[in-house]
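Data block below; observations after.
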Amino acid sequence: MLKSLPKIAGTIFALIIVLLAIGWFNRTSIFVWMLNNETISTWLTTFEPSEDYESSVVGSYPVAACQNSHVDWGEKARRTISLNGSWDVAQGERTDKPPADYRHKVPVPGLITEARPAFTEMGIESDQRDIFWYRTTFTAPEEASAQAFLCLHKAKNGVKVWLNGEPLGEHYGTFSLSEYNGSKAIRYGQANELVVRLGADRSQLPSFVPAGDDDEKDRWYPGLWDSVSLVLTDELSIANVKIEPDIDRKLVRIKTIVLNGGAKPYEGWLSQKVTPWLDENGAVGPAEIETAITVAPGERQTILQTVDMPTFELWSPETPFLYRAHTTLGGGKDGIVGASDDRVNRFGMRKVEWRSGTDKGFYLNNRLYYLRGTNIGLHRFFEDAERGELPWDEKWVRALLSGHPKDFHWNSFRNHTGRLPNFWYDLADEIGFIVADEYSFWSVVRGTESEGWSIVELEKEFRGWISENWNHASIGWWDAANENHNPLSDEVIRRVRAMDPTRQWENGGYRPPVGPNDPIEEHPYKLNAGGALNLNDRRYTLDDFTTMEGQPPQATWGPFATYSGAPEHPFINNEYAFLWVTHRGRPTELAKLSFENIAEGKVLTPKEYLEAYAYLTAELSAYWRAMRGYAGVQHFVYLSKCNDEADVPEGWEVRTTSKTCDNFLDVKNLKLEPRWARYARSAFAPQLIYLRAWDEASYPRGKRASVPVILLNDDYNKEDVVAEILAIDANGRILSRSEPVDMVLEPVSRRDIKIELDIPQAKRLLFVARLTSPSGAFDPVYGRRKIGYDHVGKAIPDPPFRLLQSEKKSIALTAGKRTEK
């Protein structure tokens with residue numbers, strides 16, 4: 001018996017290996033089966049309040065002066081001094097005693113990865129350190145102020161602040177502004193030392209503090225990742241200003257929060273002056289309004305004032321016109337009448353709302369407004385090996401937002417899983433975007449970071465987030481979470497909703513909407529190989545897009561099921577392709593599922609992968625737009641981490657290929673993959689032409705066919721258009737061409753037509769639908785459909801579009817003579 005034990009053990013071991021192999025090769029089917037089990041799915045998506053649900057720590061949230069102090073837009077009484085620049089930095093154990101020696105430099109704002117000399121093992125737990133010490137010195141003005149506040153606009157992971165050796169306070173919020181009263185510690189007319197201690201990784205925070213929730217991040221790098229400033233005011237300070245434009249009543253409500261930091265009552269006045277942003281002397285309504293106020297010692301008071309706006313320019317992404325509100329506090333002090341504090345804030349005269357019911361959708365300035373756009377995953381880009389200091393380079397960010405997005409007709413973007421530095425929102429206001437501002441909260445199933453979060457701490461973070469951002473014209477709605485089952489988001493929305501009645505909330509797609517008109521997001525990844533992710537009910541192919549009606553919800557079962565209990569609510573589609581490719585033309589590990597589905601058994605070349613991505617993502621964008629099931633379609637993703645493991649530079653510690661990818665070949669110079677850049681212009685054009693059929697049967701060779709086409713007009717202008725279809729061979733030669741069909745597209749409309757076309761005998765064809773404007777109101781728009789090819793990665797040369805452009809004049813001359821079809 002004993003002699004046979006090794007043989008039995010070997011047999012068992014071999015059996016285990018076989019079972020593991022069978023499980024590995026069938027892992028997708030097993031995974032789908034598990035998720036399709038109602039008991040398992042329910043257990044996975046049920047979140048119970050943690051033992052720390054009501055836990056709390058003291059944090060230095062702003063109370064007196066720091067809100068929006070990242071910039072000085074022309075204050076005259078308040079003094080704002082930027083402390084951005086190169087700081088000293090050192091590492092060490094967690095202690096309250098700063099080091100004697102700092103041997104590294106780091107940019108502020110920025111992340112620890114840019115320290116020189118460089119550190120190693122950054123953004124993860126390491127035996128090298130618990131914390132980083134940041135230090136800078138500055139010379140305070142000669143003239144003293146009654147109050148001095150240090151403002152850290154965003155920092156991670158947990159900070160403690162000293163000024164001239166005096167401890168000022170701590171803050172744990174990763175995505176919120178913190179404020180520190182340095183009135184007693186500051187030395188006017190002298191050098192001052194500011195020291196900030198940061199947690200080196202998220203383990204330095206209490207586990208119940210919200211520190212970000214994103215399963216597709218590898219490192220969470222620490223740093224002072226937004227501006228640092230010093231604010232000097234008199235005893236009575238402006239803590240915050242909330243501006244609520246009301247275009248229906250032609251007025252602006254301005255709520256000013258003031259704080260008396262002195263020991264005596266303060267009697268004085270509060271004034272508001274509204275002018276165009278670029279014309280401080282321009283007249284808007286009354287030149288100035290003034291209200292008498294009395295503020296007791298230590299009192300924090302909110303004063304409501306109304307400014308009439310009899311005439312004004314509306315803000316929109318197409319015309320991002322901005323106004324400035326100059327808020328001034330004044331009163332008598334020692335017999336002298338003057339200003340105690342003042343603030344300048346920007347805003348836009350605009351109204352944003354979501355509507356449910358028969359007229360559901362997103363409305364801008366009381367008109368239905370279709371959202372076309374993208375996602376910006378800045379906190380994933382923080383991990384990109386090519387990132388450097390780009391996110392804090394205003395010239396680069398301005399080019400990022402104003403270049404390709406405007407070329408592609410994007411009017412919106414979702415800020416994906418995590419807030420942006422403040423100046424990004426300023427630029428979005430100026431350049432013109434509707435922004436879905438999303439918190440870093442992503443809880444599909446149990447085991448994610450948010451499972452242990454405290455509702456008390458989350459509410460603090462949400463309140464800080466809203467009050468810091470509420471004046472931005474660009475922010476269209478607040479986005480609590482991404483793909484979320486955790487009811488923590490429901491509760492925090494209920495607690496903070498009254499802070500900003502001018503906007504609505506999106507709740508992560510899997511949770512029910514909290515408000516009667518709140519939108520629902522959806523991520524219909526139909527091509528991801530049959531169900532492992534996004535829980536498709538079967539394997540979908542490209543042919544399915546011929547007959548699918550494209551109405552939400554698309555994901556209907558398992559943990560990834562979109563909430564389906566409120567079909568009367570508006571939906572937005574902000575992820576849908578699942579086809580990420582690195583700049584080398586290699587699919588990411590996640591995207592392999594989809595490419596195996598659409599090109600089963602085929603080995604694509606790098607160029608073919610890039611072509612397949614560009615073609616399919618553009619045409620899927622057009623599909624979801626054309627079906628009009630969604631109020632907005634936002635491609636995923638414009639900016640994110642996109643590293644190929646073969647190109648990660650020496651010294652960058654994350655050496656794996658990214659899970660998702662953007663389309664930049666050279667992110668520093670904003671050079672996009674050219675196929676995508678070409679196709680995206682048409683896919684997101686306000687006037688869209690979309691070939692409805694994807695299947696072979698719809699294009700019978702050697703016969704005349706009625707090809708179904710969908711036309712869209714997102715604008716409020718009526719457009720005369722000409723539509724036609726060309727059949728092109730693999731060399732780009734035009735083999736067949738329909739008669740031009742001229743028609744009128746009504747404002748904000750969809751039109752379904754059929755165009756007669758003789759289908760050539762060639763096996764492999766590219767059908768190009770072309771939409772032109774006889775008046776030149778818009779550039780020609782194209783839709784493409786590849787038929788008869790083994791896979792969609794075949795790149796087909798464009799037909800001679802320049803030659804076709806020359807026909808525009810003849811089209812315009814004859815348009816009125818043809819009969820509309």
### Task
Would you please indicate yes or no on a ring centroid separation below 6.0 angstrom for Tyr510 and Tyr563?
no

### Message
Could you check, using the six-membered ring where one of them is a Trp, whether His569 and Trp354 have ring centers closer than 6.0 angstrom?
### Response
no

### Query
Would you say the ring centroid of Trp277 lies under 6.0 angstrom from that of Tyr323?
no

### Query
Do we see a donor-acceptor contact under 3.5 Å between the side chains of Gln67 and Glu468?
no

### Task
Using only heavy-atom distances, determine whether the side chains of Asn68 and Arg343 contain a donor-acceptor pair under 3.5 Å.
no

### Task
Using the test side-chain contact (heavy atoms from CB on, under 4.5 Å), find all partners of Leu259 that sit at least two apart in sequence or belong to another chain.
Ala64, Ser237, Arg300

#### Entry: Contacts of Lys718 that satisfy side-chain hydrogen bond (donor to acceptor under 3.5 Å, both in side chains) - sequence neighbours left out
none

### Query
Listed by chain and number, what are the side-chain hydrogen bond (donor to acceptor under 3.5 Å, both in side chains) partners of Lys156, not counting sequence neighbours?
none

### Query
Hey, do the aromatic rings of Tyr61 and His171 have their centres closer than 6.0 Å?
yes

### Query
Shortest non-hydrogen contact from Gly476 to Val352?
O-CG2, 3.6 Å

### Message
Using the side-chain contact (heavy atoms from CB on, under 4.5 Å) criterion, which residues pair with Thr80? Sequence neighbours excluded.
### Response
Asp72, Arg78, Ser229, Val231

### Message
Please report whether the ring centroid of Trp453 lies less than 6.0 Å from that of Phe441.
### Response
yes

### Pi-cation contact, Trp73 with Arg324 (under 6.0 Å, within 45°)
no

### Task
Go through the structure and list residues passing side-chain contact (heavy atoms from CB on, under 4.5 Å) with Asp246, not counting sequence neighbours.
Asp248, Arg249, Leu251, Arg253

#### Entry: Any residue meeting side-chain contact (heavy atoms from CB on, under 4.5 Å) with Leu314, in chain and number order, not counting sequence neighbours
Ile247, Phe312, Asn365

### Test item: side-chain donor near acceptor, Arg419 and Asn469, under 3.5 Å
yes

### Task
Would you tell me whether Ser450 and Asp213 have side-chain atoms, one donor and one acceptor, within less than 3.5 Å of each other?
yes

### Query
Given the side-chain rings of Trp315 and Phe347, with only the six-membered ring counted for Trp, is the space between their centroids under 6.0 Å?
no

### Query
Is there a donor-acceptor pair under 3.5 Å between the side chain of Ser356 and the backbone N or O of Pro516?
yes

### Task
Would you confirm whether the ring centroid of His472 sits within less than 6.0 angstrom of the ring centroid of Trp424?
no

#### Entry: Nearest heavy atoms of Pro570 and Gly361, plus distance in Å
CB-N, 3.8 Å

### Query
Would you say Ser316's side chain and Glu318's backbone share a donor-acceptor pair under 3.5 angstrom?
yes

### Task
Please answer whether the main-chain N or O of Asp342 pairs with a side-chain N or O of His326 as donor and acceptor at a distance below 3.5 Å.
no

### Query
What do you reckon, are the aromatic ring centroids of Trp477 and Trp505 less than 6.0 Å apart?
no

### Query
Would a 4.5 Å heavy-atom cut-off, applied to side chains only, mark Leu150 and Val228 as touching?
no

### Message
Check for me whether the distance between the ring centres of Trp465 and Phe175 falls short of 6.0 Å.
### Response
no

### Heavy-atom donor-acceptor pair, Lys154 side chain to Leu420 backbone, under 3.5 Å
yes

### Task
Scan side-chain atoms only and decide if Ser183 and Gln147 contain a donor-acceptor pair under the 3.5 Å cut-off.
no

### Message
Between Ser340 and Gly330 (side chain of the first, backbone of the second, donor and acceptor by atom type, cut-off under 3.5 Å), is there such a pair?
### Response
no

### Query
So, do Phe149 and Tyr180 have ring centers that fall under 6.0 Å from each other?
no

### Message
For the backbone of Tyr370 and the side chain of Tyr630, can you confirm whether one donor and one acceptor N or O come within less than 3.5 Å of each other?
### Response
no

